[in-house]
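Heads up, the thing below is written out as structure tokens.
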Amino acid sequence: MTQFFADIAPITYQGPDTANALAFRHYNPNEVVLGKRMEDHLRFAVAYWHSFAWEGGDPFGAQTFERPWHPQDQMDRAKIKADAAFEMFDILGQPYFCWHDADIRPEGADFAGSLRNFEEIIDYFLGKMESRKTRLLWGTANMFSHRRWMSGASTNPDPDVFAYSAATVKTCMDATHKMGGENYVLWGGREGYETLLNTDLTRELDHMGRFLSMVVDYKHKIGFKGTILVEPKPQEPSKHQYDFDAATCIGFLRKYGLEGEVKLNLEQGHAILAGHSFEHEVAVAAAEGMLGSIDMNRNDYQSGWDTDQFPNNVPEVALTYYHILRAGGLGTGGTNFDAKLRRQSLDAKDLIAAHVGAMDICARGLKAAAAMIEDGGLDAALRDRYAGWDSNDAQEMLNSDFDSIFANVVSGKINPQPRSGRQEILENYVNRFV
Ligand code: XLS
Ligand code: NI
Ligand code: NI
């Protein structure tokens, strides 16, 4: 036992009326929603980096948090950090967590030294997982913090960095496989550019495509059964990132023949940065069968950067889960809180409360989404709006050509009559559930 969470008891479901700040009001893991346990729908995960590695800095000031595992440059403290992390997973009843290599191990003197540290921590995790329910949702490589990656990883102008990146991802895939991880994620933080003046965009995209093909080949070589995911984000830290949004990633995956092998890990904050709603990104991925997993963390709508806040808006979350449920659920994916505390939230209790609230918001959103699906009002409205397409004439038109369509229109047989889109009525409908 570390002392960090010492006075915090495991969180229990106490129902919507409890005033207890550290209790679930809506998240009841065993409650059945649309024939499935809530825990199995939502598949929550803690992001190791924000909860345990981030020290509370921002562009104007450094560390505000003081944790028993700081500074994080020694193996013994990496283990204290792991002890605290697993204590938090137990307190929250978290089914999953996610890591970057750099979150969990100190950097070594060279590649081999970093790898030794990494493998030691992976074994330390495995020891803890033997007696616990928490599993790995995904692993990933941090190829954006260290200065060697300042000009990108697979898109770096220097082939040595491409090589270092490939070797790094190999070790992270090996570790994910060894831990029974259910997905492997690639987020291209610096896979983009600062200025086109020094960037060969065509070459960089080809290198990124080749790199991802090697990831897929390696997955099959080692027999990893999880899903490979890429995470769209339009900018920050790069001025422009190649994985801009879901639609851009889908085009990229098709160009390099990877559409059957790779899915998307979508993040609410990144959707906002790209000028989309989160449900737009989910719906676009689902339409192509590429919905993989979600990072459920919002941005501040005023600050214009990736503030990674815990979710707290039920209507937004409900519409997201509505599209997830309609797409058949998250599969091997989950709901990862890629979210961090505000830097004034210093206490262990803040970290627990942030997750409790986020889990509750998602549970409320899920229940609202399920209720809308059971009621069927949105589906009925869609069927009604597109009903014209059910006719034989409409289907025949799709298989005809411009000349025969022209003949029907010019003869006066077809003369469109506008109909209401009923947006306000549908918005009022959604508000009945959230
Ligand atoms: C950063 C990303 C990152 C990925 C994992 O904005 O969200 O945290 O989820 O590398
Ligand atoms: Ni992010
Ligand atoms: Ni993310």
Side-chain angles (χ1 to χ4, degrees), residues 43-55 57-59 96-105 136-146 149 152-155 165 168-169 171-173 175-176 181-192 208 211-212 215 226-246 249 262-276 278 281-282 285 291-301 303-311 320 330 333-341 358 362:
R43 299 167 57 83
F44 288 131
V46 170
Y48 207 92
W49 50 103
H50 286 321
S51 287
F52 298 102
W54 183 59
E55 298 182 344
D58 73 6
Y96 290 104
F97 74 119
C98 305
W99 47 250
H100 302 85
D101 50 355
D103 313 327
I104 62 176
R105 56 100 181 108
L136 181 67
L137 184 65
W138 45 266
T140 189
N142 178 330
M143 300 196 294
F144 42 88
S145 293
H146 193 281
W149 281 299
S154 70
T155 63
S165 306
T168 300
V169 168
T171 65
C172 289
M173 290 178 73
T176 301
E182 300 193 22
N183 307 269
Y184 184 81
V185 165
L186 295 112
W187 171 60
R190 298 196 192 269
E191 307 291 40
M208 199 164 100
F211 192 93
L212 196 52
V215 167
T227 312
I228 304 291
L229 303 170
V230 295
E231 183 172 325
K233 183 174 181 180
Q235 70 276 136
E236 196 215 38
S238 300
K239 171 184 163 58
H240 176 95
Q241 277 169 225
Y242 295 133
D243 290 335
F244 194 90
D245 61 0
C249 286
V262 179
K263 293 185 173 178
L264 305 181
N265 180 42
L266 301 166
E267 177 167 320
Q268 186 192 9
H270 300 179
I272 295 169
L273 283 180
H276 301 307
F278 198 22
E281 290 291 85
V282 170
L291 174 60
S293 195
I294 59 169
D295 280 2
M296 184 54 102
N297 44 284
R298 69 191 170 94
N299 280 1
D300 186 297
Y301 285 100
S303 72
W305 55 291
D306 194 12
T307 54
D308 286 329
Q309 292 173 244
F310 286 88
T320 301
L330 287 168
T335 302
N336 173 41
F337 297 117
D338 189 357
K340 57 184 184 237
L341 294 172
C362 291

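Just so you know, these numbers come straight off a predicted model, no measurement behind them. Atoms within a ligand are numbered from 1 in the order they appear, just like the ligands themselves. Throughout, numbering of the chain's residues begins at 1 and tracks the sequence.
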Calculate the angle formed at the Ni ion (ligand 2) by OE2 in E267 and OD2 in D306; 10° precision is enough. 100°
Would you say D308 reaches the Ni ion (ligand 3) with an N/O/S atom under 2.8 Å? no
Closest protein heavy atom to atom 2 (C) of ligand 1, given as residue, atom name and distance to 0.1 Å: E231 OE2, 3.3 Å
Give a rough value, rounded to 10 degrees, for the angle at the Ni ion (ligand 3) between atoms OD2 of D295 and OD2 of D338. 90°
Indicate yes or no: at least one non-hydrogen side-chain atom of E191 is less than 4.5 angstrom from one of S238. no
Do any heavy atoms of D295 fall under 4.0 Å from ligand 1? yes
Using a 4.0 Å heavy-atom threshold (strictly under), name the region of N142 that reaches ligand 1: side chain, backbone, both or neither. neither
Please list the nearest protein heavy atom to atom 10 (O) of ligand 1 with its residue and the distance rounded to 0.1 Å. H100 NE2, 2.7 Å
Note: ligand 1 atoms sitting under 4.0 Å from heavy atoms of W49 are 8 (O)
Ring-ring centroid check F44 Y96, cutoff 6.0 Å: no
How far apart are the closest heavy atoms of W187 and E236, and which atoms are they? CZ2-O, 4.0 Å
Proximal atoms of ligand 1 relative to D338 (non-hydrogen, under 4.0 Å): 2 (C), 3 (C), 4 (C), 7 (O), 8 (O), 9 (O)
Which single N/O/S atom of E231 lies at minimum distance from the Ni ion (ligand 3)? OE2
Could you tell me whether D306 approaches ligand 1 through its side chain, its backbone, both or neither, with non-hydrogen atoms closer than 4.0 Å? side chain
Side chain to side chain donor-acceptor pair (under 3.5 Å) test vs N297 passes for just one of H50, E267, Q268, namely E267
Carboxylate-amine/guanidinium proximity below 4.0 Å for R298 and D308: no
Within a strict 4.5 Å, meaning less than it, do heavy atoms of the P234 and H240 side chains meet? no
Scan side-chain atoms only and decide if W138 and T227 contain a donor-acceptor pair under the 3.5 Å cut-off. no
Ignoring hydrogens and angles, state whether a donor on the side chain of N142 or W149 is under 3.5 Å from an acceptor on the partner side chain. no
Can we call the ring centroids of F144 and H100 under 6.0 Å apart? yes
Interfacing atoms of ligand 1 (cut-off 4.0 Å, heavy-atom, K233): 1 (C), 6 (O)
Any heavy atom of W138 sitting closer than 4.0 Å to ligand 1? yes
So is E236 touching ligand 1 or not, going by heavy atoms under 4.0 Å? no
